[in-house]
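The structure appears right after this line, and notes come after that.
Lettering follows sequence order; numbering is per chain, from 1. Heavy atoms only: backbone and side chains are in, while hydrogens, waters and symmetry mates are out.
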Amino acid sequence: MTFSQPLHTLQSQLCSVARKSPSLAKKLHAQIIKAGLNGHEPFSNTLLDAYGKCGLIQDALQLFDALPQRDSVAWASLLTACNLTNLPQPALSISRSLLRTGFHPDHFVFASLVKACANLGPLHVKQGKQVHARFLLSPFSDDDVVKSSLVDMYAKFGLPHYGRAVFDSISSLNSISWTAMISGYARSGRTFEACQLFRETPYRNLFAWTALISGLVQSGNGVDAFHLFVEMRREGVSIVDPLVLSSVVGACANLAVLELGKQIHGLVITLGYESCLFISNSLIDVYAKCSDLVAAKYIFCKMCRKDVVSWTSIIVGTAQHGQAEMALALYDDMVLAGVKPNEVTFVGLMYACSHAGLVSKGRALFRSMVEDYGIKPSLQHYTCLLDLFSRSGHLDEAENLIRTMPFNPDEPTWAALLSACKHHGNTKMAVRIADHLLKIKPEDPSSYILLSNIYAGAGLWEKVSKVRKVMMVMEVKKEPGYSCVDLGKESHVFYAGETSHPMKDEIIGLMRKLDAEMRKRGYVPDTSSVLHDMDQQEKERQLFMHSERLAVAYGLLKAVPQTIIRVVKNLRVCGDCHTVLKLISTIANREIHVRDAKRYHHFKDGNCSCNDFW
DNA sequence: TTAGGGTTAG
């Protein structure tokens, strides 16, 4: 490259090559300054655009600040730069100053501005609506591109009905507007409307399929998402990019169905996407969530490029399965590899610390998150810290934190602290917290059971009867518990108390044998979690028929010998089942993995990876 | 110069 080329060559270089090469963009900038063309409108705007497109956001911001005049092209280029690098904070301050200066945006600026608001997320609904209002009052209020971006913005805010109003006003709908609207319905759980719109669209392409399937996965409807994926395959839609696959892999993780995850993994390999970063990240997660950590680590180790999500996924996976030291060692490796942790990484790390009772390490990590990485702690981080203090018996510190943290503690948070008081035998604090919890009227039946147990433990019988009355008045009923056992080629769901299974005699027979052996070893049923008033024998019968026990017994009868019995449960494991599963792991000499509503339990040789705290 | 689908926690 020479520095004495004609101006039009310079301009065209900026437009093409510089967008892909940061170093070339900088060289051309230097050339512009040398030629005295600094501040010349066409050059500065094109350079701004080039900096933005090759990811040099700081340079773009500096250049913009130095501009003597800022026209629509400059504002649009800067906002596009922020949007491309997904930097919501600079975009936020840019859009604020843009609106403050009284500048009249054109349709290009509006489209970028709306996209910036969408990237900022649902916490910035107000700002998004302000931009929408300004657009409606502008001379560009008929522009369909801006309307499409508004549909997308409301989709990302979780307000699809607002998006629908804009969608209906679009004069010429295209593939982009349809996709944005389908995604809006799907991701906010409006499955019916999403599917209806999908059936109506003339653009039934991979974008629309991905929007629908991914949206359903995001809103927790993995089963429907899977059926649609099967339909998509049957229609012969060519999977020319792997985006839909990462969602489908994610659905396997949420549903914790290992066999299905393996099949999708096979498909990923067949289609040639196994080395794609996003896909590998999802695969780490699916194997970790299906409690096959060996496979998760294998995927992780084989990746040639690892980003923060890859590291975080493996750290969270190992932490959730009770391998705290391993999770912390992985974090050290991550820092050494020069990858910057994010807010999710710290959730995983603090979770690891709380499992291993590493109080000072957890505190230090919380501090490091704020001071070294500038991450503002969220409610989840405070919950992790609280869990760390509670589990390790630092109850005063836990109570102090819950009362001083900058978030309103919700019912599960108080219930967690209460449960810790019970675990550590601090009756005085337990009663104080129970009184508070009773005042805020919990909705979860298990909170009432906990309250009742606390008062009973403290001999406060009047309060016990008060709790029972509240439960009766509110008709507090437990959600039916079910457990799914994964046997590789098949899986089976058992409901608590279910006796309709064709193999019920064998299942109950095995459970009786195990029960007799457990009682020989000193097992006494703990009926404190049984909700209803009934005699001891009936309570014990209820516990005996808890879904995880049926599932594990069936697993012992049907699974390949020596293999791990894998169970997924919708509710939390009760104290008695936890004791029973530990005993069964010794008696049957079998490893049992249970994923409950809160965490993972690996039962082996009479112990559990959660260290009896959950 | 502007608009659509993807991964980690909860």
Between dA9(B) (P) and Tyr351(A) (OH): distance, integer Å: 11 Å
Can you list the steps and then say if Val166(A) with His132(A) is a side-chain contact (heavy atoms from CB on, under 4.5 Å)? CA-CA 10 Å; Val166(A) 181; His132(A) 188 181; 3.7 Å; yes
Do Asp387(A) and Ser354(A) have side-chain heavy atoms sitting under 4.5 Å apart? yes
Closest of dA9(B), dG5(B), dA3(B) to the Asp285(A) side chain is dA9(B)
Is any side-chain heavy atom of Arg187(A) less than 4.5 Å from a side-chain heavy atom of Lys156(A)? yes
In residues 214-242 of chain A, which residues come under 4.0 Å of DNA chain B by heavy atom? Ser214(A), Gln218(A), Asp241(A)
Counting any heavy atom closer than 4.0 Å, what does Ser313(A) reach on the DNA or RNA strands: base, sugar-phosphate only, or nothing? sugar-phosphate
Salt bridge or not for Arg199(A) and Glu193(A), using N-O below 4.0 Å? no
Winner on side-chain proximity to Ser112(A), out of dG6(B), dG5(B), dT2(B), is dT2(B)
Using atom CZ of Arg134(A) as one end and atom P of dT2(B) as the other, report the distance to the nearest whole Å. 21 Å
Per Asp152(A) side chain, nearest of listed nucleotides dG10(B), dG5(B), dT2(B): dG5(B)
Against the side chain of Asp143(A), the closest entry in dT8(B), dG5(B), dT2(B) is dT2(B)
Among the candidates dT8(B), dG5(B), dA3(B), find the nucleotide nearest to the side-chain atoms of Ser149(A). dA3(B)
Test of understanding: with ring-ring contact (aromatic ring centres under 6.0 Å, His included), list the residues that count as partners of Phe157(A), not counting sequence neighbours. none
Measure from CG on Asn119(A) to C1' on dG5(B) and round the result to the nearest Å. 14 Å
Using a 3.5 Å distance criterion without hydrogens, assess whether the side chain of Asn221(A) forms a donor-acceptor pair with backbone atoms of Thr191(A). no
For a quick check of understanding: with a heavy-atom distance under 4.0 Å over all strands, which category does Val145(A) fall into, base, sugar-phosphate or nothing? base
Can you check whether Phe108(A) stacks with the dT2(B) base, using ring centres under 5.5 Å and planes within 30°? no
Describe the nucleic acid contact of Leu277(A) in one word from base, sugar-phosphate, nothing, applying a heavy-atom distance below 4.0 Å. nothing
Can you name the one residue among Arg572(A), Lys569(A), His601(A) that meets side-chain hydrogen bond (donor to acceptor under 3.5 Å, both in side chains) with Asp596(A)? His601(A)
Report the distance from atom CD1 of Ile284(A) to atom P of dT7(B), rounded to the nearest whole Å. 15 Å
For atom CD1 of Ile213(A) and atom P of dT7(B), their distance in whole Å: 13 Å
Out of dA9(B), dT2(B), dT7(B), which has the shortest distance to the side chain of Thr80(A)? dT2(B)
May I ask you to say whether Arg204(A) pairs ionically with Glu235(A), meaning some side-chain N is under 4.0 Å from a carboxylate O? yes
Mark yes or no for a side-chain to base donor-acceptor pair under 3.5 Å between Asp144(A) and dA3(B), with no hydrogen or angle criteria applied. no
Between CD1 of Ile94(A) and P of dT2(B) the distance, given in whole Å, is 15 Å
Regarding Lys306(A), tell me which of base, sugar-phosphate or nothing describes its non-hydrogen contacts under 4.0 Å with the strands shown. nothing
How many Å lie between NZ on Lys289(A) and C1' on dT7(B), as a whole number? 10 Å
Where the side chain of Ile176(A) is defined as all heavy atoms beyond and including C-beta, which of dG5(B), dA9(B), dA3(B) is the nearest nucleotide? dA3(B)
note: Leu243(A), atom CG; dG6(B), atom C1'; distance rounded to Å ~ 4 Å
